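Remember, predicted model here, so these are calculated numbers, not experimental data.
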Amino acid sequence: MDSSLNAARRSRELREVAELPERRLDVLVVGLGATGAGAALDAASRGLSVAAIDAHDLAFGTSRWSSKMVHGGLRYLAKGQVDVAYESAVERGVLLRKTAPHLVKAHPYVLPLTPDVSRAQEAMVMAGYRLGDALRAAARTPRRLLPGPSRLSPERTRRLAPVLRADGASGRLRGGLLSWDGRLLDDARLVVAIARTAAAHGARILTRCRALRLTGDGADVRDELTGEEFTIRARVVINATGVWSGGLDPRVRLRPSRGTHIVLASRSLPGLIAGLHLPLPGESNRFALVLPQHDGRVYVGLTDEPVDGPVPDVPEAPEEDVRTLLEVLNGVVETPVTREAVAGAYAGLRPLLAADGRTSDLSRRHAVFAGDGVVTVVGGKLTTYRRMAEDAVDQAVEHANLRAGRCRTRRIPLVGAGPRPSDVPPRVADRYGSEADAAYELIKAHPEEVGLGLTAGDLLWSVRHEGALDESDLLDRRTRIGLVAQDRERALPATREVVHQTSRP
């Protein structure tokens, strides 16, 4: 079946589920972040009839606000959560080897050995890196895909990160610790690829459809584009709405945690090749991340602050978080990064299971709750979306007594995961994988630049094949142009023209 998502397909499939109330689907998934899209793919690939809805767009919530890392769970080892760390390492290997090698690559990270990092802390971190490498081996991820850790000389450290201060008031940089982990080109594009693969297996992917209430026999739904309300009947509903899960399932108790990143303008940290792990003052196993991007920008994160009260659709990045991240960064770089270099910021909310203690200490385990025709999956993290989806569908099959085979998603390549064409620009091949040839034809036909090296052809591809319906979908999720307000403003006229052209009858 075709993997393309677009407005015409949405309208057709929405009519199919809305106009046949006597027909019951096997599974209705609510939420189209990574886990919800993964559940739609998992259920559809088992031969079940599936619809998946979201009140907004693909990857509208937490899934697009990550550090863009696909990590092996090293931090969980430090807390003794070996099972969580191993699960992360296994799922990282699945993405690197089979399902998304076009979107997930290995990336180097350096922990600079400044005078603030004691010899004991250095030894502890290196031991952790070696344990992480043992997990890589246990997960059967080959070293050619994910190299092992090593200690670097001061000279090699500054070749990978020339922005680091060589000398400070308290002493010299004595080198660095090098580790490797998985890295996403774009977290939202991973979700789009999962959703499109689900569509190719027959799932109906319906954005702008809000679940008003879960009924035990499906859900009452409102089309947010027209205001029309209708019922989608299903034998079982999977609630995969993340930090919003409690609004649909009162059994769920979460303690959301805010993770903020700042976006530094190009040339703020010139020559930075590797990512950086920067120990947070007063913390034994928490690090800030400095993440160079392919477009020249640099992301710096990650805060971990509890959030009380109603959950917003789009979290704000507080100025306090921005100041904190700049302070940590400026503790190690040669030239201080000023507030003016911060071109943008974003924040996401982690759906942590409620427990006592700080949110930074809460487990990243996921949990599945079932009852009254509803299966809710919460917790976890982006790296383990596939396993979360598998557990949710297993529970849904058992709960509704559905006839279905075993999970197949470990072996299903996502859209774009095939051989990459060699006669297209690297930027296009990196973005589209095996679809690069077809996408490049559209790019050549519509070469007008929009921003970040992207063209009107890239936007047209997103409208025709990736389910983008409006300017916000294009600027904020199919691309990352919208992370910087000035870039967004410059790109808006051309983006509106693309949307206008594609909306003509």
Side-chain angles (χ1 to χ4, degrees), residues 1-6 9 34 37 41 45 58-59 68 70 92-108 141-142 144-147 182-201 205 273 292-296 386 409-468 473-475 477-481 491 494-495 498 501-502:
M1 194 171 180
D2 186 8
S3 68
S4 293
L5 298 174
N6 48 53
R9 181 171 181 168
L41 170 57
S45 65
L58 303 174
K68 319 296 179 272
V70 174
R92 178 185 61 186
V94 170
L95 286 159
L96 280 166
R97 288 186 290 110
K98 184 67 178 180
T99 61
H102 59 310
L103 296 175
V104 181
K105 309 289 184 186
H107 193 79
T141 303
R144 62 179 173 80
L145 291 181
L146 206 64
R183 176 79 174 278
L184 273 164
L185 174 70
D186 188 328
D187 46 9
R189 293 197 63 77
L190 173 66
V191 178
V192 171
I194 300 166
R196 290 185 60 202
T197 310
H201 283 79
I205 305 296
I273 297 172
Q293 304 298 304
H294 65 285
D295 55 23
R386 191 209 62 82
T409 53
R410 278 181 185 242
R411 302 180 299 279
I412 296 177
L414 300 182
V415 166
R420 289 166 31 137
S422 58
D423 54 351
V424 301
R427 192 275 297 176
V428 179
D430 288 343
R431 184 174 177 81
Y432 298 105
S434 61
E435 294 189 309
D437 271 337
Y440 192 42
E441 291 302 313
L442 203 53
I443 291 167
K444 288 188 293 184
H446 302 274
E448 304 81 13
E449 185 160 344
V450 179
L452 302 185
L454 300 169
T455 70
D458 290 289
L459 301 188
L460 281 168
W461 180 270
S462 290
V463 171
R464 294 179 183 179
H465 302 287
E466 295 178 347
D473 292 355
L474 289 168
L475 294 174
R477 288 168 292 279
R478 303 311 179 277
T479 73
R480 309 306 290 195
I481 294 172
T495 307
V498 167
Q501 288 177 5
T502 54

In this structure, CG of L459 is separated from OG1 of T502 (nearest 0.5 Å) by 10.0 Å
Atom pair OG/CG of S462 and N6 - distance to nearest 0.5 Å | 12.0 Å
Check: D437 and D423 side chains under 4.5 Å, non-hydrogen atoms = yes
Identify which one of D186, D187, V191 satisfies the side-chain contact (heavy atoms from CB on, under 4.5 Å) criterion when paired with R189.
-> D186
H107 side chain near P292 side chain, heavy-atom distance below 4.5 Å = yes
Are side-chain heavy atoms of R183 and V70 found at a separation under 4.5 Å?
-> no
Let me see the working for E435 and R196 under salt bridge (charged side-chain N to carboxylate O under 4.0 Å, His left out), right down to the final yes or no.
-> CA-CA 13 Å; E435 294 189 309; R196 290 185 60 202; 2.9 Å; yes
Where R480 and A188 come nearest, the two heavy atoms and their spacing | NH1-CB, 3.6 Å
Do you know which two heavy atoms are closest between L103 and L190, and how far apart they sit?
-> CD1-CA, 3.8 Å
If you look at every heavy atom in L146 and A106, which pair is closest and at what distance?
-> CD1-CB, 3.7 Å
Any donor and acceptor pair, going by atom type alone, linking the side chain of R92 with main-chain N or O of G182 inside 3.5 Å?
-> no
Of all heavy-atom pairs linking V450 and A456, the shortest is CG2-N, 3.6 Å
Is the backbone of G467 close enough, under 3.5 Å, to the side chain of R9 for a donor and an acceptor to pair up by distance?
-> no
Are side-chain heavy atoms of H294 and L185 found at a separation under 4.5 Å?
-> yes
Heavy-atom distance under 4.5 Å between the side chains of T479 and R431, does that happen here?
-> yes
Search all heavy atoms of S45 against all heavy atoms of I412 and return the closest pair with its distance.
-> CB-CD1, 3.6 Å
With rounding to the nearest 0.5 Å, note down the distance linking OG1 in T495 to CG in D473.
-> 11.5 Å
For side-chain contact (heavy atoms from CB on, under 4.5 Å), just list the numbers for L454 and I481, CA-CA rounded to whole Å, side-chain angles, deciding distance to a tenth of an Å, and then say yes or no.
-> CA-CA 9 Å; L454 300 169; I481 294 172; 4.3 Å; yes
Side-chain contact, heavy-atom cut-off 4.5 Å: V428 with I443?
-> yes
Given side chains that start at C-beta, do those of H446 and L460 come closer than 4.5 Å, heavy atoms only?
-> yes
What is the minimum heavy-atom distance between G93 and T141, and which atoms define it?
-> CA-OG1, 3.3 Å
Kindly compute the distance separating CG (L95) from NE2 (H102), expressed to the nearest 0.5 Å.
-> 10.0 Å
side-chain contact (heavy atoms from CB on, under 4.5 Å) evaluation trace for E466 with V192 | CA-CA 7 Å; E466 295 178 347; V192 171; 3.8 Å; yes
Are there more than 12 heavy atoms of other residues, nucleotides or ligands under 6.0 Å from atom NZ of K98?
-> no
For Y432 and D458, what are the C-alpha separation, side-chain angles and deciding distance, and is it a side-chain contact (heavy atoms from CB on, under 4.5 Å)?
-> CA-CA 10 Å; Y432 298 105; D458 290 289; 2.6 Å; yes
Could you tell me whether a side-chain N or O of H465 sits under 3.5 Å from a main-chain N or O of A439, the two making a donor and an acceptor?
-> no
Are S3 and T197 close enough that some pair of their side-chain heavy atoms sits under 4.5 Å apart?
-> no
Check step by step if side-chain contact (heavy atoms from CB on, under 4.5 Å) holds for L58 and L5.
-> CA-CA 11 Å; L58 303 174; L5 298 174; 4.2 Å; yes
Determine, for K105 against D430, whether the closest basic-nitrogen to carboxylate-oxygen distance falls under 4.0 angstrom.
-> no
